[in-house]
Amino acid sequence: MGVLYIVRGGWEAGRRRHIPCYLEAIMAKLDAFFKEMKEQGASDMHLSVGSPPMLRLHGTLKKVEYPALTEDVLRSMLYEILSERQIEKFEKTNDLDFAYGSPGVARFRANYYRKHTGLSAAFRIIPFKVLTLDEIGAPEVFKKMCDFNNGLVLVTGPTGSGKSTTLASMIHYINATSNCHILTLEDPLEFIHEPVKSLISQREIGEHTESFASALKAALREDPDVILVGEMRDLETISLALTAAETGTLVFGTLHTNGATATVDRIINVFGPLDQPRVRTMLSTSLVGVVSQQLARCADGRGRVAAVEVMLNNPAIANLIREGKTAQLYSQIQTGGQLGMMTLERALANLVLQGSVSREEALAKAGKPEELARLLDDQDS
């Protein structure tokens, strides 16, 4: 098998040449890496001093057959897609988040950073085309959540679980079906939405506004019908999002939590003890639903599929939130199947029964492995 090279902006498989390897790398364009990344179906790429490029394929990191990168080689490759302002910021802070569009390939979310070996970068692919809810196989209840005029919809899960893709599809659905003003606050801008029936205003934190909190404060004066908060990181942002949802705006937000119950607890516990009763009341009335997802490796090893937990607010769930009995939310999700609710364990069990995911992979992704094992054993019996 040949060695992969980048020559004049393109990857080649060929025999080792007698010219210096790094000369070819310096001549290369970073777009060639992105093209290879897309062609191989990778979700992420890592470039680090002292290591060859690494691609994440179906959830697993694999090395590219390429020479280990030096500081000078990697800097020349990474800096060519930065503006002078971005270079200045990175060299001052040693951290940089931004998005980059590779012509004819895709958009990429990028993070530059330094570690013990030197310069490093991580890239995640963002397709140019925003997929519809039907195309990503989302449950029909997702559309129902998008049809609300106001309230809070939370899409949660660990890093790399597909939250951005799900949110982009939900925003696309609203854009295609409603005449409204959609305001997105992101860090950085990922999916770019073209107006269909709605007015789309996309703002990048650090570029178009100072912070999520300051952008949310301004948003209340910008006549939005829908607000997407790319990440609800702190107390002020969460408080403003709750206020916006309570006062007539449909707010979508993300949290790095696993499961609907943990999401509700996270929202409440950000606040101090004296404020929590008020916050529980606000959340009980403004919450539309929580989507919590995990990506599981397909049984055939050729991709990943989303397992989605869905909790929808109803009088019983609102009462549990208001009274601080969040431990009982899981049982309400279990019994809410007719309303479109589903636990993560039920979603994983369905994937196993369909043959999409192995039993071992499902158990590894489950928040309650014993519950998943019971569901699968019951089905077998």
Side-chain angles (χ1 to χ4, degrees), residues 59 136-139 141-142 144-145 151-167 170 229-233 238 241-242 245 251-271 276 279-280 283-284 286-297 304-314 316-337 339-352 357 359-376:
I136 67 171
V141 70
F142 281 33
K144 294 180 181 178
M145 286 189 277
L152 179 64
V153 177
L154 297 170
V155 178
T156 74
T159 300
S161 59
K163 299 187 296 294
S164 296
T165 299
T166 296
L167 280 168
M170 296 176 91
V229 185
E231 191 172 340
M232 295 169 64
R233 297 175 175 172
I238 291 172
L242 280 170
V251 179
F252 292 85
T254 68
L255 287 167
H256 293 289
T257 50
N258 293 323
T261 299
T263 299
V264 172
D265 287 337
R266 172 68 182 279
I267 293 287
I268 294 169
N269 291 335
V270 164
F271 295 84
Q276 288 182 7
V279 173
R280 284 198 295 268
L283 191 59
S284 70
S286 63
L287 184 66
V288 172
V290 178
V291 173
S292 184
Q293 56 188 60
Q294 293 267 4
L295 288 182
R297 190 176 294 108
R304 290 186 292 174
V305 62
V308 181
E309 178 169 285
V310 180
M311 183 184 79
L312 299 175
N313 200 3
N314 62 18
I317 284 177
N319 188 56
L320 291 175
I321 294 173
R322 190 164 45 249
E323 294 184 359
K325 298 178 180 179
T326 55
Q328 298 178 32
L329 291 175
Y330 188 84
S331 62
Q332 287 295 321
I333 301 172
Q334 286 178 306
T335 58
L339 301 175
M341 292 194 237
M342 182 177 294
T343 65
L344 176 64
E345 286 65 39
R346 170 54 67 187
L348 286 166
N350 290 344
L351 292 173
V352 173
V357 172
R359 182 186 179 104
E360 293 72 24
E361 175 71 3
L363 287 169
K365 295 294 183 181
K368 299 178 182 293
E370 68 287 350
E371 172 64 13
L372 174 56
R374 184 190 67 77
L375 290 171
L376 293 173

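- A pairwise comparison of heavy atoms in I317 and N314 identifies N-OD1, 2.8 Å as the closest pair.
- Side-chain atoms of K144 and L312, non-hydrogen and from C-beta on, never get closer than 4.5 Å to each other.
- Between L255 and M232, the shortest heavy-atom contact is CD2-O, 3.3 Å.
- Judged by distance alone, with hydrogens and angles left aside, the side-chain atoms of Q332 form no donor-acceptor pair with the main-chain N or O of A316 at under 3.5 Å.
- For the pair E345 and K368, the salt-bridge criterion is not met [side-chain N within less than 4.0 Å of a carboxylate O].
- Taking the side chain as every heavy atom from C-beta outward, M311 and T261 never approach each other to under 4.5 Å.
- Atom CG of N319 is separated from atom NZ of K325 by 7.0 Å, given to the nearest 0.5 angstrom.
- Side-chain atoms of V141 and M342, non-hydrogen and from C-beta on, never get closer than 4.5 Å to each other.
- With contacts defined as side-chain heavy-atom distances shorter than 4.5 Å, the pair L154/I267 qualifies.
- Considering only heavy atoms from C-beta on, L375 comes within 4.5 Å of R346 through its side chain.
- Distance check: I321 CD1 to R280 CZ gives 10.5 Å after rounding to the nearest 0.5 Å.
- Annotation: side chain of V357 is not in contact with side chain of K365 (no heavy-atom distance under 4.5 Å).
- Nearest heavy-atom pair, L348 versus A307, reported as atom, atom and distance to 0.1 Å: CD2-CB, 3.6 Å.
- In plain terms, the two heavy atoms of Q276 and I268 that are nearest each other are CG-O, 3.5 Å.
- Taking all atoms of both residues into account, the shortest heavy-atom contact from E361 to R297 is OE2-N, 2.9 Å.
- Checked by atom type, the side-chain pair S292/T156 shows a donor-acceptor distance below 3.5 Å.
- From L339, atom CG reaches atom CD1 of I333 across 12.0 Å, with rounding to the nearest 0.5 Å.
- Shortest non-hydrogen contact noted between R322 and S284 is NH1-OG, 3.3 Å.
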- Query: Could you go step by step and tell me if T343 and E371 meet the side-chain contact (heavy atoms from CB on, under 4.5 Å) rule?
  - Reply: CA-CA 10 Å; T343 65; E371 172 64 13; 5.8 Å; no

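- We find the CG-CG distance between L329 and D265 to be 7.5 Å, quoted to the nearest 0.5 Å.
- Distance check, rounded to the nearest 0.5 Å: CG of L363 to CG of L372 gives 5.0 Å.
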